[in-house]
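What you are looking at is a predicted structure, and each value in this text was computed from that prediction instead of being measured. Heavy atoms only: backbone and side chains are in, while hydrogens, waters and symmetry mates are out.
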Amino acid sequence: DVLVILAAVGDALGADGRDSVQSLRYEDGSLELSLTPLVAARVGSIREQLAMQGLNADAKADGDGAPKLVLRRRVKP
């Protein structure tokens, strides 16, 4: 799952993908990304692009205000 999620993130970030992820953590099928402030303004459109690729993408802010995305593949019924 993590490789599929990372590939989708790379597609969604596009040219902004370089140096836009500060940290990542993968646990129990969920990938949490801490993003740089440079892509903070695009979090909404990034979430939409990830949703079109079959991912649930929840946005939240870190304690210092840095944007985070928590990604998980959608379970098909």
Side-chain angles (χ1 to χ4, degrees):
D1 279 351
V2 70
L3 294 178
V4 172
I5 296 171
L6 284 172
V9 168
D11 288 344
L13 291 174
D16 291 335
R18 184 181 173 121
D19 299 326
S20 61
V21 177
Q22 292 179 330
S23 67
L24 57 89
R25 183 177 70 134
Y26 183 77
E27 185 177 337
D28 297 327
S30 180
L31 179 66
E32 181 177 288
L33 301 172
S34 295
L35 304 172
T36 62
L38 297 173
V39 295
R42 292 191 46 230
V43 168
S45 66
I46 292 169
R47 288 180 65 210
E48 289 175 10
Q49 291 175 15
L50 293 169
M52 288 189 294
Q53 295 186 48
L55 297 174
N56 290 329
D58 296 318
K60 61 183 184 176
D62 201 350
D64 61 1
K68 283 193 174 191
L69 285 177
V70 180
L71 310 170
R72 179 179 285 278
R73 287 181 78 179
R74 282 195 203 124
V75 178
K76 295 180 183 178

Quick one: do [X] and [Y] end up in the same hydrophobic cluster if we chain Ile, Leu, Val, Met, Phe, Trp and Tyr together by side-chain heavy atoms under 4.5 Å apart?
{"X": "Tyr26", "Y": "Val9", "value": "yes"}
{"X": "Val70", "Y": "Val21", "value": "no"}
{"X": "Leu6", "Y": "Met52", "value": "no"}

**Message:** Between Arg72 (side chain only) and Asn56 (backbone N and O only), is there a donor and an acceptor less than 3.5 Å apart?
**Reply:**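 Side chain of Arg72 to backbone of Asn56, a donor-acceptor pair under 3.5 Å: no, none is there.
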Heavy-atom pair of closest approach, residues [X] and [Y]:
{"X": "Ala51", "Y": "Arg74", "value": "O-NH2, 3.1 Å"}
{"X": "Ser34", "Y": "Lys68", "value": "OG-CE, 3.1 Å"}
{"X": "Ala57", "Y": "Leu71", "value": "CB-CD2, 3.4 Å"}
{"X": "Gln49", "Y": "Asp11", "value": "OE1-O, 4.2 Å"}
{"X": "Leu55", "Y": "Ala8", "value": "CD1-CB, 3.6 Å"}

Rounded to the nearest 0.5 Å, what separates atom [atom1] in [X] from atom [atom2] in [Y]?
{"X": "Gln22", "Y": "Leu38", "atom1": "CD", "atom2": "CG", "answer": "9.0 Å"}
{"X": "Ile5", "Y": "Leu69", "atom1": "CD1", "atom2": "CG", "answer": "11.5 Å"}
{"X": "Arg73", "Y": "Gln53", "atom1": "CZ", "atom2": "CD", "answer": "11.0 Å"}
{"X": "Leu31", "Y": "Leu24", "atom1": "CG", "atom2": "CG", "answer": "5.5 Å"}

**Item:** Check against side chain to side chain contact (heavy atoms under 4.5 Å, CB included), Glu32 and Lys60
**Value:** CA-CA 10 Å; Glu32 181 177 288; Lys60 61 183 184 176; 3.5 Å; yes
